[in-house]
Structures are given as C-alpha cells and as structure tokens.
Amino acid sequence: MPGGCGSRDPRRVLQPNARAPPCALILADHGCIRMKRPDAMLDPTLIRNQLDAVRTGLATRGDGFGGDLDRLVALDAERRAILPALETARHARKDVGERIARARRSGEAVDELVKAGQAHAAAIKEQETKLEAVEAERGSWALKLPNLPHTSVPVGRSDKDNVEVRRHGAPTGFEFEPRPHWEIGPALGILDFERAARLAGARFAVLTGAGARLARALINFMLDLHTGEHGYTEVEPPFLASSDALTGTGNLPKFEDDLFKIAGHWDLYLIPTAEVPLCNLHRGEILDERALPAKYVAYTPCFRSEAGSYGKDVRGLIRQHQFDKVELVAYATPDTSWDVHEALTRHAEEVLKRLGLPYRTMLLCTGDMGFAASKTYDLEVWLPSYETFREISSCSNTEAFQARRAGIRFRHDGRGKPEHVHTLNGSGVAVGRALVAILENYQQRDGTVIIPEVLRPYMQGLEVIEPGGK
RNA sequence: GGAGGGAUGGCCGAGCGGUCGAAGGCGGCGGUCUUGAAAACCGUUAGCGGGGAAACUCGCUCCUGGGUUCGAAUCCCAGUCCCUCCGCCA
C-alpha cells in the first residue's frame, strides 16, 4: 500500500513556496501520495484502438504475452459499459438524499423517498459488484503484458540476433595462457568460494583483503564518476522493497521466482537491482517538469534467486545470488527520453573506457529484451577465460511502462493534465563482473594483477595485487 | 515488544450523520490605490476520471480497505504511516 500522509511527512515540511525545485530531490507538486492499484502496463487506449499493432509487436518478444488479448479487450469493453450505469445510479441516490434532507427540514414525510433511496443503493451495490469482478480479472491480465518494443529495435528470436552498434578496444592478447578469475582470485588469496559455500551455500563468494578493497574501489570510482561528471544524484535506498514497488518496475507479478522473499508476515523482498528502489523513488508523484530529466545513481547489493539457471555459469563470480552493482536511473519527459537513453548508455560505457576494458555495445533484438524494456543496449566486456564478450551492463528505456504501473507523472508547462514520465535504467556498472574483467584482463604471467590506474587512488596507491595481498 | 496521540485542499487549521468539496488563515493569481513598490482593500484559487468544439456537465476524492445508513470527513471494524514515552538495539 502507498505510504501514509501524515502531516509530518517530510515532503510537506520541505515543500517550498517558491517555484524553483531544489536540485537534489524533486518534490511532488502535491504532498500526499494517493495511489490506486496499477491500471495497466500498456496504454489502455492503445490496446483499444490499435489492437493489431499491439498484437504483432508483442509477438516479436521472447517473453511475449501468451494470453488472450481479445479477452482483455472484452473486459475493457465490459468495464466501460458498467461505468455509465453505475454513475447514473449514484447520481440518483445523491439526488434522493438531498430531497430527504430538505423534506426533513420542512417537516414533510420522507418514507417514500427513503424507499426510493434503498432501491438506488441496491442498484449501486449490484453494479459495483460487477465492476469489481471485471476489474480484478482485467488487472491480472494487464499486469502480465510485457512492454511493446520500440520501432528502432531489430526483430529477432535470441541473443544471436542482437546487433553490435560499436566496439571499444581490442580483445586482450597474452603471451601466456591466461587463467580464469576463479583461479586467479583464490591463488592471490583475495577470493574464496569454499568458505562462502560453507556459510551460505552455492553461488556466494567472499572477497578478502585487496579483493574486498578492489570492489570498494570500483564502487567509489563509479559513484564519483557519475555524480561528479555525469550529473547524477547519489542515493542510498532500502535494500528491501514491497510487492507494490516490485510491481511498479515489472518484477511482479510474473517473476516472483527470481526474487528472495522475506520470511514471515512481511510483504518484502530483497531487491534484485537498485532499479527497483530508484524507479519507485517518485512513486505516485507528479513531478515538476523543470526538474526533468532527473538522474539518480545508487550503489546497492543485488539479490537474485537465479531460479531456472541451474548449470549455467556455475563457476566463478559471473552468476551469484548476491552481487554489487552501481545503478543509473533517469526520469525524463517523453520527447527527451531517447536522447537520455543514448546519454545514459554512454555514461555506463565511460566506466569501462576508464578502466581500460575492451567492450562492445549491443542493441538487443525484440526476442532478447526484458519484460519492461522498450529498447535495450547491453554492454559486453571481454573476458579472456570465456574468450568472448559477457554482459556487464544493460541500459533500457521503458518509456511509460513503469511510470504507468508506479503512477509517476509530470505536468507539461505546469498546467493541464499530468502525463506519465519515461523511466530509464542502466547498470553503471555491475561491480562483480567488473572485478572479474579486471582480474582476467590485467593478469600477468606470474599470477599478479595490475590495478587500473583510475582505481589506484582508491587503493592507497597500490599498483599490483600480489599473493597474500592485504 | 508495551502505552498513548495523530492523519482534512499548495501549506496551517476548523468541521452537530443531511445542499460539505469542505469555515478561517497563509501562500498563489487578478484587480483598485501608487511615479514604482510595500501596506490596505476587493475578487479569485483542490485533485482525478468520463462526456462535450466550448461555456459546461456527471462521477470519484477529507490516510487505505471494509461495514452501518436513503445519506459518512463525521459512527463501527481492520490495516498503513507519522509523532511522544518506556523497553531493546547498530
């Protein structure tokens, strides 16, 4: 459920009378958050008026809607049929109520009027019951519809149909046989899978000494870059989120199996990415257009059950139940969001450039995109042990998909009806995989690992990680 | 975990079950006065959804969800959040 509206709500206390919003947090132009349950993920008008386009668009997706769109349309029509009847009945009841009040005052009899009122009340109840059933079914269909791919997205079935749009650096060459990170790390004494397994099971890792410090250096380097040079506001959010928040981003109701749920009576999950708290930061708000685009960056741990990925990437740090990530999220107006998407992708790329890691930028095809995305670029970093590029960042524009589910809007020119904002997200970048890429790409014949120059200030000047490295 | 107190429009703050979508104040906007400004005075000022070219009109909205009633901001139940105190605690 939405947050409360206590008069001590900090948003109200901070509410400025002046027009200019503060730079850090955008303030809603109303202090109180009211939210009904999410309406639909796709624009209902679009489904109503351009059914065929929606149908063909969704069909190109890998996770395409398996259900019956016709049923959804029928439910929508039913709803729109009930509404006028309900409103007429309510109007009649209100009218009778006023006449009773007047009659009472002048001492006239009200028995007949009360009887009429009772009839209206019964009619209202009947319509409401019908409406409730229709909306419940419609809602459960609607929330499972994935986003429509943007027209610039290539149609394809799998990652094989993704398109490389640019490349930076050449795959690292070695004059010796490079080793995988799951050998390099333990040999240096900075990475330990055995002890992690003993304390938490498979798919966990312990970083120690220079390994832990390297992770922290990466986090700080990325945060400093995005806040200092790319204009993002740093956020430290909760690492748990409610089912409403996860529904807003599209993780629920379809992908509950991918999440870790808190035991007990709590309606809480461990966040699978900081995209969840950052996209829900302005849940239920109407934003000031002048504060857009609003850009946030957060470091958080991320938790994923990795259900259904048994046997995949079982070795090393590539696929863990817990990993660190620095996440970028932007809120933009519809006419700027595509520019923001390109910029955000470049911001993520800049991290890899400065770390001196070879990578390529892939435009995902329709079949390989995530549920909420309208268009996605993946950044793939070169990993010598795999002799291939592996995903290290994913940058998506969800257009109004998440905003509609989470009720995030803005008012054009400060007037008129509020419109949904566009939300964008991208890893900037995954810390664990960046650490893997450094260990593997910067390894030397003697097993030591050179620290990229940009990280050295964050490592007390350390240039090389040697065995037993502190 | 225990005990209390709260939640009303952009903000503060009233509100006997019956023209209450809500007094009053502040703020905002428009005007009078003024060389200009301030002050003073007058007027105006909620959101959301639907219909209409428009004036306009219908419905919903006083934390949320149920209930009582012809009729609920107001009464009842459940929940959420905030505040104060005690306990515990990084």
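Naming convention: chains lettered A, B, ... in sequence-line order (proteins, then strands); numbering from 1 in each chain.
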When the C1' atoms of B:U8 and B:A3 are considered, how many whole Å apart are they? 27 Å

Tell me, yes or no, whether the heavy-atom count around A:K115 atom NZ, taken from other residues, nucleotides or ligands under 6.0 Å, exceeds 12. no

Answer for the Watson-Crick or wobble partner of B:G24, both distances under 3.5 Å, is B:C12

Using atom names, set out every protein N or O paired with an N or O of nucleotides 88-90 of chain B below 3.5 Å, distance rounded to 0.1 Å.
none

Do the side chains of A:R99 and A:D95 get close enough for a salt bridge, i.e. N-O under 4.0 angstrom? yes

Heavy atoms from C-beta onward define the side chain here; which of B:G49, B:G59, B:G18 lies closest to that of A:R90? B:G59

Validation: residues 420-432 of chain A side-chain donor-acceptor distances under 3.5 Å, sequence neighbours left out:
residue, atom, partner, partner atom, Å
A:H422, ND1, A:S337, OG, 2.8
A:T423, OG1, A:T398, OG1, 2.7
A:T423, OG1, A:Q402, OE1, 2.7
A:N425, ND2, A:E275, OE2, 3.3
A:S427, OG, A:S394, N, 3.0

G-U wobble or Watson-Crick pairing nucleotide for B:G1 (cut-off 3.5 Å, both distances): B:C86

For nucleotides B:A39 and B:G30, find the distance between their P atoms and express it as a whole number of Å. 15 Å

Want to settle it: does A:A101 or A:A92 sit nearer the 5' end of RNA chain B, counting the closest nucleotide to each? A:A101

Can a donor-acceptor pair be found between the side chains of A:S242 and A:D244 at a distance below 3.5 Å? no

Can you find a heavy atom in the side chain of A:L131 that is under 4.5 Å from one in the side chain of A:R79? yes

Quickly work out the A:R283 CZ to B:C81 P distance and round it to whole Å. 14 Å

Nucleotide B:G65, atom P - distance to CG of A:D244 in whole Å: 13 Å

Across all strands, who's sitting opposite B:C29 as a Watson-Crick or G-U wobble pair, both distances under 3.5 Å? B:G43

Would you measure the distance from the P atom in B:U32 across to the matching atom in B:A23 and give it in whole Å? 28 Å

For B:U34, does the O4'-C1'-N9-C4 (purine) or O4'-C1'-N1-C2 (pyrimidine) torsion place it in syn, i.e. within 90° of 0, or in anti? anti

Rounded to the Å, how far apart are A:D267 CG and B:U64 C1'? 14 Å

Distance check needed: B:A46 C1' versus A:I286 CD1, whole Å only. 11 Å

Inter-nucleotide P distance (B:C75, B:A7), Å rounded: 11 Å

Which whole-number value in Å describes the distance from A:R80 CZ to B:G50 C1'? 8 Å

Between B:A46 and B:A40, how many Å separate the two C1' atoms, rounded to a whole number? 28 Å

Please name all residues satisfying side chain to side chain contact (heavy atoms under 4.5 Å, CB included) with A:E78, sequence neighbours left out, ordered by chain then number. A:R71, A:L75, A:V134

To the nearest angstrom, the CG-P distance between A:D76 and B:G50 comes to 11 Å

B:C77 versus B:U68 - spacing of their C1' atoms, nearest Å: 11 Å

Is the gap between the ring centers of A:F303 and A:F239 under 6.0 Å? no

Would a distance-only check, ignoring hydrogens and angles, find a side-chain to backbone donor-acceptor pair under 3.5 Å from A:N280 to A:V276? yes

Contact under 4.0 Å: A:H91 side-chain N or O vs B:G59 OP1/OP2: yes

I'd like the P distance from B:U61 over to B:U74, given in whole Å. 11 Å

Report, one pair per line, the protein and nucleotides 66-73 of chain B atoms (nitrogen or oxygen only) whose separation is under 3.5 Å.
residue, atom, partner, partner atom, Å
B:G67, OP1, A:K125, NZ, 3.1
B:C70, OP1, A:Q118, NE2, 2.7
B:C70, O4', A:V114, O, 3.4

Which residue pairs satisfy the ring-ring contact (aromatic ring centres under 6.0 Å, His included) criterion with at least one member in residues 100-121 of chain A, sequence neighbours excluded? none

Regarding A:N251 and A:Y269, do their side chains bring together a donor and an acceptor under 3.5 Å, going by distance alone? no

Could you give all pairs that pass the side chain to side chain donor-acceptor pair (under 3.5 Å) test and reach residues 192-202 of chain A, with sequence neighbours left out? A:D192-A:R195

B:G18 pairs with, by Watson-Crick or G-U criteria that keep both distances under 3.5 Å: B:C70

Report the base-pairing partner of B:U35 (Watson-Crick or G-U wobble, both distances below 3.5 angstrom), or none. none

Applying the 3.5 Å cut-off to both distances, the Watson-Crick or G-U partner of B:G59 turns out to be B:C48

Partner lookup for B:A7, please. Criteria are Watson-Crick or G-U wobble with both distances under 3.5 angstrom; report none if nothing qualifies. B:U80

Using the C1' atom in both, what is the distance from B:G5 to B:C63, to the nearest Å? 16 Å

Can you check the A:E135 CD to B:C60 P distance for me, whole Å? 15 Å

Whole-Å gap separating C1' (B:C60) and CD1 (A:I82): 17 Å

